[in-house]
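Right, one structure below, let's go through it.
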There are 2 protein chains.
Amino acid sequence: MKEKQLKFETAPRMSADERKNQILRIAIDLFSKKGFKGTTTKEIAQIAGISEAMLFKHFASKDELYAAMLDYKSCQAGIEETFASLEEAIEKGADDEEIFYGLILKALRYHESDQEFLRLLLHSALEGHEFSELFVTRKIAPIYELLGKYIEKRQKEGVFRDDVNARLIVRAFLGMMVHHSMNKILWDSGQRLLQVSDEEAARSFSDILLNGIRNKEVGQ
Amino acid sequence: MKEKQLKFETAPRMSADERKNQILRIAIDLFSKKGFKGTTTKEIAQIAGISEAMLFKHFASKDELYAAMLDYKSCQAGIEETFASLEEAIEKGADDEEIFYGLILKALRYHESDQEFLRLLLHSALEGHEFSELFVTRKIAPIYELLGKYIEKRQKEGVFRDDVNARLIVRAFLGMMVHHSMNKILWDSGQRLLQVSDEEAARSFSDILLNGIRNKEVGQ
DNA sequence: GTCTATATAGCGATAGAC
DNA sequence: GTCTATCGCTATATAGAC
């Protein structure tokens, strides 16, 4: 259980805000790797180069630090941005290919660049932390709503098959992409099972899905 | 963090094997809910109705108990059985519909009936435990192999499109189903996002996938 | 803003009696 | 096979000096 660690050796007497941010960044790193119980306040303090007493001056308890860290992390957007660009693509009447391919690729790239996020989300879900529930309500439910509505519209237009629940299509869609990211982060670091670029994965997933849900009779 | 707990009030002087099995079952329950660090030997002993000293007579350390528990759990098959029935379906030349629908439905039902398993797998993956790696090598890789080969065969026959990596199709396929199960277990207990039966989900996923990867020109 | 020192509780694990 | 008692350690958190 030895990992390389970010080390912040800094001049003493950092300002309160700087210090708080430094602690949060270290907490994100450690909590994402080892979860809540697996991370100690001692280790966080050591890496920050301060005493535990100082840490508890900034955050009254470990719980408070954990919550603050999740809050900080979820404000780093990434999902908001992805959602906004999806909304925009739909509004300007982009091709289905453009919409689906673009969304998958954006998501895969985000997961790649911010692996801490998926790990923190899984940890908090397994631990039953409210953050996990909140994240689904605030960030995931709107995607089901937006994408679900779009698919229903295309079903009414006769372009997509209407014998499949629109939200089940959203789930299939998110499933391909989330599962692929999870494999890359959690198991497939050696890429034993599969080696493909994000572009190829996004291309294939969106092809499979679109061909899978389009009405055969209607030409595209 | 209060949960209902399986309680084993038993007559004293259980045989060694019985006791060991009882401890393993309790360990599975607790480790799957709270992970390794989140579970204490004290709690396991309390629920078993014995002292911690007794627990350490049966398992020399907490680590040993954890490993024994994962071993025990992974021998409860479920996946072997699913794999075998997939193999059989392919050999007897079943329809693609039969093969894909059957596999998804079997997997969804297994995940439903044994939620501990998915939780333990995720916990061990996040913790970087070797079990997780081993599970992928021994249980998941063969599925990629078997299903990948079958898809390649169908591609050569001209039934499936051959412009998509066969293993990427396997991933898309497993992704839909695993992600759906994870949603049911981790987030969707209130089914806010989606309410569907396992049968409907399996039907839709296999429809989407098969339509998505079949050559358009070839009638079925 | 930072420290040392310490309180208090809980952890995994052991000794030794029955 | 089981217990009580306890060890050595680490955890979160606090008090009070500088």
Side-chain angles (χ1 to χ4, degrees), chain A residues 1-3 5 7-31 33-70 123 127 129, chain B residues 1-3 5 7-31 33-70 123 127 129:
Chain A
M1 281 278 189
K2 279 269 153 61
E3 298 102 14
Q5 216 53 81
K7 183 86 189 177
F8 294 86
E9 297 281 11
T10 50
R13 293 226 154 240
M14 209 175 255
S15 84
D17 269 10
E18 283 177 315
R19 184 64 83 191
K20 234 175 148 156
N21 266 277
Q22 179 210 20
I23 293 171
L24 283 173
R25 287 198 313 275
I26 296 168
I28 287 169
D29 181 49
L30 290 179
F31 282 131
K33 282 181 187 151
K34 322 208 224 185
F36 183 74
K37 292 271 190 175
T39 302
T40 64
T41 50
K42 186 193 180 100
E43 195 180 356
I44 295 171
Q46 267 174 356
I47 295 170
I50 56 173
S51 66
E52 283 189 80
M54 264 317 294
L55 196 162
F56 284 108
K57 283 271 196 294
H58 285 99
F59 300 94
S61 67
K62 189 185 175 183
D63 272 294
E64 193 184 302
L65 171 58
Y66 190 62
M69 177 230 40
L70 288 175
H123 265 125
E127 289 159 359
H129 192 279
Chain B
M1 280 280 188
K2 279 269 153 61
E3 299 103 13
Q5 215 54 84
K7 182 87 189 178
F8 293 85
E9 299 279 13
T10 49
R13 295 225 154 239
M14 207 175 258
S15 84
D17 269 10
E18 282 176 318
R19 184 64 83 189
K20 234 174 150 160
N21 266 277
Q22 179 210 20
I23 293 171
L24 282 174
R25 287 197 313 275
I26 296 167
I28 287 169
D29 182 50
L30 291 179
F31 282 130
K33 281 182 188 150
K34 321 210 224 183
F36 182 75
K37 292 268 190 177
T39 302
T40 64
T41 51
K42 187 194 180 96
E43 195 179 356
I44 295 171
Q46 268 173 356
I47 295 170
I50 56 173
S51 65
E52 280 187 85
M54 263 319 292
L55 196 163
F56 284 108
K57 284 270 199 289
H58 285 98
F59 300 94
S61 69
K62 189 185 176 183
D63 272 294
E64 193 183 302
L65 171 58
Y66 190 62
M69 176 231 37
L70 288 175
H123 266 126
E127 289 160 358
H129 192 278

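Hydrogens, waters and symmetry mates play no part in the numbers below; they use all other heavy atoms, side chains included. In what follows, every chain begins at residue 1, and chains take the letters A, B, ... in the order their sequences are listed.
- When the P atom of D:dT2 is taken as reference, atom CD of B:Q46 falls 16 Å away, rounded to whole Å.
- Summarising the geometry, the separation between CG on B:N21 and P on D:dG1 is reported as 14 Å, rounded to the nearest angstrom.
- With sequence neighbours excluded, no residue forms a ring-ring contact (aromatic ring centres under 6.0 Å, His included) with A:F59.
- When the C1' atom of D:dT10 is taken as reference, atom NZ of A:K34 falls 14 Å away, rounded to whole Å.
- The CZ-C1' distance, from A:F59 to D:dT14, rounds to 18 Å in whole Å.
- Close to D:dT2, at under 4.0 Å from its OP1 or OP2, lies no side-chain N or O of B:S51.
- One interatomic measurement links the two molecules: CE of A:M54 to P of D:dT14, which rounds to 14 Å at whole-angstrom precision.
- Among residue pairs with one or both ends in residues 54-67 of chain A, those qualifying as side chain to side chain donor-acceptor pair (under 3.5 Å) are A:Y66-A:E127; sequence neighbours excluded.
- In this structure, the side chains of B:K34 and A:K37 stay at 4.5 Å or more apart for every pair of heavy atoms.
- The strand DNA chain D forms stems, runs of 3 or more Watson-Crick or G-U wobble pairs with distances below 3.5 Å, at C:1-18 with D:1-18.
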Task: Contact letters for nucleotides 7-18 of chain C, in which S counts primed atoms plus P, OP1 and OP2 and B counts the base, heavy atoms under 4.0 Å - done: ----SBBBBB--
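- Here the CG-CD1 distance, from B:L55 to B:I50, works out to 5.0 Å after rounding to the nearest 0.5 Å.
- A distance of 6.5 Å separates CE in B:M54 from CZ in B:R19, rounded to the nearest 0.5 Å.
- In this view, B:E52 and B:T41, B:K42, B:A45, B:F56 satisfy the side-chain contact (heavy atoms from CB on, under 4.5 Å) rule, not counting sequence neighbours.
- A straight line from CD of A:E43 to C1' of D:dT10 spans 13 Å, rounded to a whole angstrom.
- Side-chain contact between A:I47 and A:D29 is absent, with no heavy atoms from C-beta onward closer than 4.5 Å.
- Here the P atom of nucleotide D:dT14 and the CD atom of A:E64 are 11 Å apart, to the nearest Å.
- Although no hydrogens or angles enter the test, the distance criterion places a donor-acceptor pair under 3.5 Å between the side chain of B:E18 and the main chain of B:S15.
- A:R25 and A:Q22 are not linked by any side-chain donor-acceptor pair at a separation below 3.5 angstrom, with hydrogens and angles left out of the test.
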